[in-house]
> 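One structure, as structure tokens, below. Some questions next.
Labels below follow one simple rule: chain letters A, B, ... track the order of the sequence lines, proteins then strands, and each chain is numbered from 1.
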Number of protein chains: 2
Amino acid sequence: MSKNKTQSRQRRGSHQPTLAQVAEVAGVSSITASRVLNDPERVNASTRQRVLEAMEHLGYVPNLIAGSLASARSRFIAVIVPSLANTVFIEVIKGLQATFEAAGYQILLGNTDYDIEREQQLVRTFLGWSCSALVTAGLKHTPACRRLLKECDRPVMEVMELGDAMDLNVGLDHQEAGRCMARHLLGRGYRQPVYVGARLSDDYRAGMRYAGHREVLQASGIEPLLIELDQLGSLEEGARGLEQVQAHYPGADAIHFANDDLASGALLHAQRLGLRVPGDIAIAGFNGLPLGQYVMPRLTTIQSPREAMGRLAAEQVLRRLDHQPVTQPQQDVGFTLMLGQST
Amino acid sequence: MSKNKTQSRQRRGSHQPTLAQVAEVAGVSSITASRVLNDPERVNASTRQRVLEAMEHLGYVPNLIAGSLASARSRFIAVIVPSLANTVFIEVIKGLQATFEAAGYQILLGNTDYDIEREQQLVRTFLGWSCSALVTAGLKHTPACRRLLKECDRPVMEVMELGDAMDLNVGLDHQEAGRCMARHLLGRGYRQPVYVGARLSDDYRAGMRYAGHREVLQASGIEPLLIELDQLGSLEEGARGLEQVQAHYPGADAIHFANDDLASGALLHAQRLGLRVPGDIAIAGFNGLPLGQYVMPRLTTIQSPREAMGRLAAEQVLRRLDHQPVTQPQQDVGFTLMLGQST
DNA sequence: TACAACGATGTTAGCGCTAACATGTTAGCG
DNA sequence: CGCTAACATGTTAGCGCTAACATCGTTGTA
């Protein structure tokens, strides 16, 4: 047994060099070394140089966890989306990531799989990581999640759709988008359009577009028809959608799909079946994915500015984090009807 | 000036309830409250119950940063990919995420934009977050990055391609995939195939496939032809690729595209131009994306098991983190030639 | 009956960093 | 030349949590 008084308990921690060691090598105090990293202007150039050399020499990697604990703020932004399978969210994430990374923030990505209980759990975890702000897709949350978000005293951004948001909100009016496409179809003379979506209670934004579609049809005295599929967005499921429409509504003259994946799948399938589009049946989508612009005939769809939505959302959050005033907490990014030859 | 001895300096930190407060309410010490969260079995059921109630009552959210600092391990897994625009990486990420999340790990996602300097910086940042392991796409790193990864004393998984990995490695042999497709094309009787890729030094795996393609052609005494495009994977760029082949190599009878996005774009463009595929020109891709299976004619391509690759990679890393032996640090997930009608 | 073994809980001492406050040093100015 | 402001750097005390070690009762067993 050692009698060495200085030897107390077992050492813990990693075996990485620490700021204190860097400081010792550079012959300064650790706070000066800290300032070299966090506020270099406040340190004399020659001192700074010595500290940087010491860091280089020791292979120092700053322990960001310790820094976050001490300063009570991390540079994390929590981003919570319902799915990674859907290109739409990926593109929003790209916009968010580009903007946040440029500002020195790291994204913590969470995937709810369209389950708001899971979302609540993710919010708790991310708050536990002292994230600086939270960005979440959609306005639908559990009551407990809503409470957490309201009381967490950080910027909270809800993206994708517009509505009764709790803090910041960037998105578009999905119901209006549904109305827009329905008006287009009626304007083109179609009299028996069918809306085809999948799991509309999960993908409730598609449900909102259906609500708009339905509203327009009812106002014109046309009965709204709906087919609900199982898979959210795949070419294959779109083909199935086309077949179901033919089976259930043989008189249908147009299909308003909930998204471009389904619509493109139907379009490609129609080609195989030898159906003329729009002669035998018109097809419309939503999203404005590149694919829809590359099929024949080109797909009529609604373009949503997804990456721009991510960027704008991130900018608003950054403004809030910089304590700049946010004049418009709610921003409508709009959408564009893109006329193809499929209607 | 206050003379109160207990009042020292300004309070810092968040204003969230702490474990100590929970412990006080529950009438236990804070380590007991800590154990309720981290090792519930070690705490008497009735005590545990009281602690949980206190947590609920105070709305306690564990400070994971403090926990990570104290225990010198976070439950982060760093995942570094070159792009989010490419479905391929998204699918690998999906596989990784599903597996890691189920095991209670949080993914830290980094995007290098095909820049290995950026990768090095991301590795530093993620090491600073005390990530438990790192997963990175590819074997190409800066020397400094390689050193960081070698010395960080954590599992390091390199995914996508096989080769001289530093620790764990899950992927497929891209050169062999290139050979496989080239052999297929020669076997079908094509004698002037052109390889079309984009930015092959960035997307060096596509470059490796080209190397395989080239090797097979040269062995048969056929001159390898190459066209290099600017954009990595878009339908539009594929269409451009087709046009460039026609312009530069009018005698070409087949195009071996670096990926399915390019190939599908070319296929759809051929349709518009009224070109017969494979009559006028054969088209092949790589990846096995759903789109390729939905165009007409169906695309001949090579299927890579991307989500499975992510899952397998995550399982290997988890095994290492659990101190279980990893018998095969390098695993080949293979690929499958999928014959369509486009060749 | 003694004592090891175990279970439940507590005490102590940091993890590596930075906010707040403190001190010393130099420049600027009437 | 004295005073202040601005700059450069240091000292101290945690941030909230958990590893390591300590303690105490309760069993089981020789």
> What class does the angle between the rings of A:Phe76 and B:Phe76 fall in, given that below 30° is parallel, 30 to 60° is tilted and above 60° is perpendicular?
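A:Phe76 vs B:Phe76 ring planes: tilted.
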> What's the spacing between A:Arg306 CZ and A:Ile93 CD1 if we round to 0.5 Å?
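Here the rounded value is 12.5 Å.
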> Rounded to whole Å, please give me the gap between CG in B:Leu37 and C1' in D:dT18.
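That distance rounds to 11 Å.
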> May I ask you to evaluate whether B:Asn38 reaches the phosphate of D:dT18, defined as a side-chain N or O under 4.0 Å from OP1 or OP2?
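It does, given that an N or O in the side chain of B:Asn38 lies less than 4.0 Å from OP1 or OP2 of D:dT18.
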> If I take atom CG in residue A:Asp39 and atom C1' in nucleotide C:dA20, what distance separates them, rounded to the nearest angstrom?
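My rounded result for the distance is 15 Å.
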> In Å, rounded to the nearest 0.5 Å, how long is the span from CG of A:Leu108 to CD1 of B:Ile107?
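Here the rounded value is 11.0 Å.
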> Roughly, in whole Å, what's the span from CD1 in B:Ile65 to P in C:dC15?
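So the two atoms are 19 Å apart, to the nearest Å.
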> Write down the distance between CG (A:Leu69) and C1' (D:dA13), rounded to a whole number of angstrom.
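These atoms are roughly 13 Å apart.
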> Could you tell me how far apart A:Leu64 (CG) and C:dC17 (P) are, to the nearest whole angstrom?
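For the pair A:Leu64 CG and C:dC17 P, the rounded distance is 9 Å.
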> Tell me, what's DNA chain C's dot-bracket, Watson-Crick or G-U with both distances under 3.5 Å, | for other-strand, [ ] crossing?
||||||||||||||||||||||||||||||
> Respond yes when some side-chain nitrogen or oxygen of A:Ser34 is under 4.0 Å from OP1 or OP2 of C:dT18, and no when none is.
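Looking at the OP1 and OP2 atoms of C:dT18, one of them is under 4.0 Å from a side-chain N or O of A:Ser34.
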> Kindly determine whether B:Gln106 and A:Thr125 satisfy side chain to side chain donor-acceptor pair (under 3.5 Å), including the steps that lead there.
CA-CA 9 Å; B:Gln106 168 64 43; A:Thr125 305; over 6 Å; no
> Does CG in B:Asp153 sit with more than 12 non-hydrogen atoms of other residues, nucleotides or ligands closer than 6.0 Å?
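Open.
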> Taking atom CD of B:Gln316 and atom CD of B:Gln331, what is their separation to the nearest 0.5 Å?
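It comes to 4.5 Å.
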> Take B:Val28 and B:Asn44, measure what side-chain contact (heavy atoms from CB on, under 4.5 Å) needs, and give me the verdict at the end.
CA-CA 12 Å; B:Val28 296; B:Asn44 182 294; over 6 Å; no
> Just to confirm, is there a sub-4.0 Å distance from OP1 or OP2 of C:dC17 to any side-chain nitrogen or oxygen of A:Tyr60?
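Answer is yes, contact under 4.0 Å.
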> Got a sec: does the CD of A:Gln324 have more than 12 other heavy atoms crowding it under 6.0 Å?
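Buried by this count: over 12 neighbours within 6.0 Å.
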> Name the nucleic acid region contacted by B:Leu19, choosing base, sugar-phosphate or nothing; use a 4.0 angstrom heavy-atom cut-off, strictly under.
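Sugar-phosphate, no base atom in range.
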> When the distance from CD of A:Gln49 to C1' of D:dA8 is rounded to whole Å, what number comes out?
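To the nearest whole Å, that distance equals 17 Å.
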> Rounding to a whole Å, what distance do you find between B:Gln21:CD and D:dC17:C1'?
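The answer, rounded to whole Å, is 13 Å.
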> Of the candidate nucleotides D:dA19, C:dG14, C:dT18, which contains the atom at the shortest distance from the side chain of B:Ser71?
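Given the options D:dA19, C:dG14, C:dT18, the side chain of B:Ser71 is closest to D:dA19.
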> Restricting both atoms to N or O, compile the protein contacts to nucleotides 8-10 of chain C shorter than 3.5 Å, with distance only.
residue: C:dT9; atom: OP1; partner: B:Thr47; partner atom: OG1; Å: 2.7
residue: C:dT9; atom: OP2; partner: B:Asn44; partner atom: N; Å: 3.0
residue: C:dG10; atom: OP2; partner: B:Ser29; partner atom: N; Å: 2.9
residue: C:dG10; atom: OP2; partner: B:Ser29; partner atom: OG; Å: 3.0
residue: C:dG10; atom: OP2; partner: B:Thr32; partner atom: OG1; Å: 2.7
residue: C:dG10; atom: N7; partner: B:Arg35; partner atom: NH2; Å: 3.0

> Counting distance only, does the side-chain N/O of A:Ser74 pair as donor-acceptor with the main-chain N or O of A:Ser130 below 3.5 Å?
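Yes: the side chain of A:Ser74 pairs with the backbone of A:Ser130.
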> Given atom CG of B:Leu58 and atom C1' of D:dG16, what is their separation to the nearest angstrom?
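Between C1' of D:dG16 and CG of B:Leu58: 15 Å.
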